[in-house]
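First up is the structure itself, then whatever we jot down about it.
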Amino acid sequence: MPSAPTVLQLDQITKRFGSFTANDAVSLSLKKGEILALLGENGAGKTTLMNILFGHYVADEGTVSVADRSSGALTELPPGQPHAALEAGVGMVHQHFTLAENLSALDNILLGTEPLFSARSARAKGRARLVDLMQRSGLTVDLDARISTLSVGEKQRVEILKALYRDARVLVLDEPTAVLTPQESDTLFETLKTLAAEGLAIIFISHKLDEVIASSDRIAVLRLGKLVADQPTAGSTKLQLAELMVGQTVTLSSRPEQAAGRVLLTLQGASAGDGRAAIHDIDLALNSGEILGIAGVSGNGQATLARLLSGLEPLRKGSLTLEERDLGRTLHGQSARTMIEAGFARIPEDRHKDGIVGAMSIAENLAIETIRAPQNQRFGFLKFGAIAERARAAIKAYDIRCQGERAAARLLSGGNIQKIVLARTLEANPKVVLAAQPSRGLDVGATADVHRRLLDARARGAGVILISEDLDELMRLSDRIAVIHRGRLGPAEATETLDRSTLGLRMAGHDHAADAGEAA
Amino acid sequence: MDFLDIFLNANFWAASLRIATPLIFGVIGALVCERAGVLNLGIEGIFTAGAMAGWMAVWLGAGLWGGVAVAALAGAFFGLIHAILTVPLGLSQHVSGIGVTLFATSLSYFVYRTALPDVSSPPRIEPFKPLDIPGLSDLPFIGPALFQQTALTFLALFVVAATAFVLYRTPLGLAIRAVGDNPSAVESQGLSVYGIRIGAVVAGSALMALGGAFLTMSAFDAFFFGMVNGRGWICIALTVFASWRPGKALLGALLFGAFDAFQVRLQTDVGSFIPGQVFLMMPYILSIAALILVARKADYPRALLVPYFRGQR
Amino acid sequence: FAKDKPLKVAAIYTVPVEQQWVSRIHKALTAAQERGDVTYVYSENTANTDYERVMREYAEQGMDLVVGEAFAVERAARKVAAEYPDTAFLMGSSFGPSKPNFSVFDNFIHEPSYLTGMIAGATTKSNVIGMVGGYAIPEVNRLMNAFMEGALSVNPDVKFLVTFINSWYDPPKAKESAFAMIDKGADVLYAERFGVSDAAKEKGVLAIGNVIDTSADYPGTILASSLWHMEPTIDKAIEAVAGDSFEPADYGSYSYMTYGGGSFVADESLVAPEALAAAKAKEQEILDGLFRVNVNDGEPKSTM
Amino acid sequence: MIRFEPREPASLPRLILIPVAAALIALLLAALPISAAGVNVLEAYGLMGKGAFGSLFSFTEMLTRATPLILTGLAAALAFRAKLWNIGAEGQLYAGALAAVAVGTGWIDAPGVILLPLVVFAGALAGGAVMLGPTLLKTRLGVDEVVTTLLLNFVILLFVQMMLEGPMQDPMGMGWPQSEPILDQAILPKLMDRMRIHGGLIIALAAALAIHILLKRTVWGFEIRAVGENASAAAHAGLPVRATFIRVGLLSGALAGLAGVGEVAGLKGYLTADLSPGFGYSGIVVAMLAGLNPIGVVVAALFIASIFVGADSMSRATGVSNYLADLIVAMALISVLVSGLFLRFRIKFIRPHAAAASTQAASQETK
Ligand SMILES: Nc1ncnc2c1ncn2[C@@H]1O[C@H](COP(=O)(O)OP(=O)(O)OP(=O)(O)O)[C@@H](O)[C@H]1O
Ligand SMILES: Nc1ncnc2c1ncn2[C@@H]1O[C@H](COP(=O)(O)OP(=O)(O)OP(=O)(O)O)[C@@H](O)[C@H]1O
Ligand SMILES: [Mg+2]
Ligand SMILES: [Mg+2]
């Protein structure tokens, strides 16, 4: 759309955090109705740039201009004022949602849209406008539902509605698909295209190159804070983009042929959890030397299954055996230790919340699972020297980028946090590896690293359960794939016999090939 | 026994409402603070400051409503200290609260004693008188039970209704509830997290101080040391008991008042064989029991106790 | 001791000086200071934990006489006193004096309490008298018991309601207790604590004052009061210290009516003349040593 | 406009300088009420110093006052480290004192070598037992412990009053609500002749050292820190989260109980319902001033005690109302709190037009 007017202009934005330059003289512009994809490695400065645009951060140099609502002339935004950005028509969907969980969707959308000290809120009018908006955009949510009861996809729709309700003309989405299923992502991009066609200008950040190529009009790439490319999507290839981001060629590891071994882990008729997240009558057999993928739309019991295998959720019914040892009996929901000692390695889904203790040092985080083992303590007293030494070795072996083993773990980026988790869980040569969404939010390089580690574990003869919503990842790594839907797990079938659309259908609840056609 | 007699006596209900009044102010004040995400353990001291300042103003000739205003201002002042320490500065809400209690209490006592060094009996003021509402006050039973209270009691009831209205029906209330749940939701909608939190803490503290003022200007007519006697802490418990809802807060305060009134009446009968302390313990034990029952369901303000720093993730 | 110089006196109170009991000591000492007999300093609201330190500090400062309440710190107080033999200690206590310098006093105003009881017994129409006390300790019990005896002596039908609020200082609570008694039919209240007379005034019933005279604060409410005067006790002690003749002794008797340590006042506009006359007659008997009021430290109980 | 920037490791001079500056500021603030009361400010400061450090007597008095504060401070610091918000040290202190009295007043007749440890242990156990309830309610049913511990303070105080007016009342006490005296052989030894300073101080200092070692060097301490910083991750890593909470609860309660033991078996000899002028609550203040560091707790307790004892003595010497002491402690607390910010953050003052740049305040990643 070469003739469309420019609605947003970032001019020579520079942002420094101390001596570190997160954005280095970045200039970008956006036209009405255009969809721009912003790419870059973890820490490249994408989120920072968008936060400056929205007024959360203040740039050290440079300006942000937005087209005036009436005249259309580019007008400079006062820095550091989110409400000014909102008023000028900039809407932002943050990487971590900014919703009040205890309030309804309607409340979240109306929040701050009326003068604070008015005696009554015009909810009825607001609701009517929203119903109309939902119809036009196809973004439907139950306006009266509490946010805490909504799925991730629904929450995201609320976030977008928040922006549209305020007549946003520029919409920024920070890694919107990181937490969405393929179907949800597809729907999202369809919606975005509709909105763009109506004139909305959109910037989205993503690490998934396929969707970037499929859905954007233009692509901008940041590397180390600098804009290294700003090009039309047409003609861009995945390989070229990956190279632009990383600055060198990226090789993706693939799964070598390997014969599966004996049965390691079996679940029979296993039920656990309650409510929507419960799992029912799950049968599963994991062999050594294989990766078993579990596909499914988030919220269908994966979390409970992961918690069960992590020893955090008691088994309500059925059995759980590892190499003929009955583990189900010993599980009371507080026995992560039992599972670790039995030889389970667990990579939790939310690495910030469940993977590390941010305030403790990297060395302590590396030792946390084995802190009671003789190598870490004697008579209850910690062996600091040994702990530090092993940490230094792990930092080297896993290439954890940090200032040393004494640095607080929270200072690391997501990718490096994941490396801590990998290092400490895989170090003990586990029999079973449970990996839940192991590459969510990670950039190409970090993702490749995680995949390599999982394949290494497989090569050593471990059984890996890979829970993921990313079908590409599942198809590339798994020997067999089973689909989980509404807490029930389908049979695991060899990956070679499956294709994306079959899996997608099963994830949506259409039954397995065996009893074809029946809708759930 | 004369259990029934007690409940059938209108004066018992009047006493319950009277005892509950300072608690109503306190619990609503605490609730407003906590809804915005700030625990205010300064309440005990703010009660004392309100009691002292309101009384002192009247004693100096300010008039009763002038005294109420001064009490509210004193509460707002100490609330502002707590708000500044905990909201933009992000200090521990526990410690700041206890610090404010220490500060407000000792300052009140010090000012009182320095202003009145040589009193042998506490100076008295002319306190609020029970309102005589023509028609209503004369109703049998209902009249003496409900309508022979002072203006401050009615103000307390009005405050409950007004707070409920503001919280649930106005944009301001929505912002307060949201900021206590997730401050970044408020910030991303262009509102000021600090502004709303500070405002809520200041307003809530002013309400707390009215609870103190009730003690010296309505329940009694003089200021005493140690007069607040733990009433502030009870309000903190009642807030949780009420699951942060104004209606339930009123109910909780009334329950507490009724229990106290009941135990005072029962003690003259059975006080000789059941230690009085057993009755005094009951409200606390019941509060704990109630907590156990509501704990799982309570939708507490999720951001309570969590300071918010702009730009932090 | 040089007599030309005023004595240095310090007092240590565990409650604020407004509290009735302590206010009597404070008043007597302030009066002595105004006369120029002593210089007087005090610490009020002293926590029991700090009591001993404060005693020592005053002793170290070279006080001639330290006045206070040893009730919850008996042992410590006696020990400190023993370590500072040059300082005289005069302490409120339920126990006896101890060597070499520890004298005791107490509010022995059971005599006027008996007289106020007579007034109350004669005045009540409902024959129900309410009594609100702090704690059931000897200092309180003996006054209540004497009061009850006095009331029964003129009106055998009278019944008593007794409540202890388990606090020395919670006027709103005392007031609530009094309200509860009025609900139960009491038309005369024995106001051992602050707050009771307020309830009486508000509900239009009558009250009996204790320790201090509050009739001016509650016009038309206070029937009669039994008053405590610390002046005889304090003056006696000052005299002894000044004369270098301070001995461990029980000063309790200086609170008796014969010494002017206790007195009885009544509001003639509220009390029936016959009742007042009977009480006055009994007062004379006491002063003449013809009638002795029992000292009963047992806990009084409700009789209905 | 002010803007905060985090300052990760504070340098040592700063660590010492800033609290000292805060104390000085507190003293400056105290000049307001002092001069309002009509006293020469400089003279008052001199008297304050004398009151806390001027003689062996005042120094030991200051230490005596600090003793329970160290223990309740440790109780709070340890619990807060695990994010177990124990606001109930006051009640636990009374429970400890009650147990000490129950065991030490002749119910068991034994020589001192047996009875004294028994008294100390009983007090610690009782304090721990009181904290066990709220801890279990938190770990099993998710009941907020701030409120339960706060409420239990009142229940326990009433219970103590009930016992002191009932079964445990001293028959020789003339009806006063107080317990029988603790047997001589069960009294904590005095550390100095004619002074009140007692063995409780040794217990307190030993406890501080022990907690320091526990947190820094042991597996349990590691688990406590991990659970406190991120209970969810600790559970994932297989740490015994519930057991850790229970351990911390018991230990924290026991420390507060020991404070009660010290007051009753070291200082007073028998129990009254006004044993503690709020040591439990002050302990929270002490713990936070110390940044939850056990050794810091000792320093903070000494600081608070010397301010209080000094100001109290000064008020007596000058004839100012002794409420001044509490007021100065409160002002000192607030200034030290605020000064803590200077340790954690670099504070920059910037011109108004650049003010918006203050948006990124403390910016540690917390999620
Ligand atoms: N508040 C902050 N304080 C200090 N440094 C920061 C802050 N926010 C970001 N940074 C720095 O800026 C760099 C860019 O961070 P940013 O969040 O913009 O990366 P990103 O491109 O969004 O990465 P990702 O793909 O992981 O989301 C980081 O490497 C970090 O060092
Ligand atoms: N407030 C902050 N202060 C200092 N550094 C920060 C801050 N926020 C982010 N960073 C740094 O920014 C970099 C990228 O952060 P970010 O959280 O976006 O990583 P990420 O890899 O995208 O993680 P995730 O996968 O969870 O999104 C990291 O190096 C992190 O340490
Ligand atoms: Mg980002
Ligand atoms: Mg990211």
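Each chain gets a letter, A, B and so on, in the order its sequence line appears, and its residues count up from 1. Note that the structure is predicted; figures quoted are calculated from it, not measured.
- Taken to the nearest 0.5 Å, the CD atom of D:Q178 stands 10.0 Å off from the CD1 atom of C:I137.
- The candidate with the highest count of non-hydrogen atom pairs below 4.5 Å against chain D, out of C:F95, C:F71, C:Y42, is C:F71.
- Residues of residues 46-61 of chain C lying under 4.5 angstrom from chain D, judged on non-hydrogen atoms, are C:T46, C:A47, C:N48, C:T49, C:D50, C:E52, C:R53, C:V54, C:R56, C:E57, C:Y58 by number.
- Taken to the nearest 0.5 Å, the CG atom of D:D170 stands 10.5 Å off from the CD atom of C:E74.
- Of residues 42-65 of chain D, those residues lying under 4.5 Å from chain C by any heavy-atom pair are D:F57, D:E61, D:R65.
- Contact annotation for D:T272: only side-chain heavy atoms (C-beta onward) come within less than 4.5 Å of a heavy atom of chain C.
- Contact count against chain D (heavy-atom pairs under 4.5 Å) is highest for C:R75 among C:K79, C:R75, C:E83, C:E139.
- Among the residues in residues 152-164 of chain D, those with a non-hydrogen atom closer than 4.5 angstrom to a non-hydrogen atom of chain C are D:Q161.
- Annotation for C:K99: atom NZ does not count as buried by contact number, only 12 or fewer foreign heavy atoms lying within 6.0 Å.
- Counting heavy-atom pairs closer than 4.5 Å to chain C, the top-ranked of the candidates D:L275, D:D312, D:L267, D:D274 is D:D274.
- When each of D:P181, D:P277, D:P177 is checked for heavy-atom pairs under 4.5 Å with chain C, D:P181 comes out on top.
- Partners of D:Y281 under the ring-ring contact (aromatic ring centres under 6.0 Å, His included) rule, at least two apart in sequence or in another chain, are B:W233.
- In this structure, the portion of C:Y135 lying under 4.5 Å from any heavy atom of chain D is its side chain and not its backbone.
- More than 12 heavy atoms of other shown residues, nucleotides or ligands fall within 6.0 angstrom of atom CZ in C:R35.
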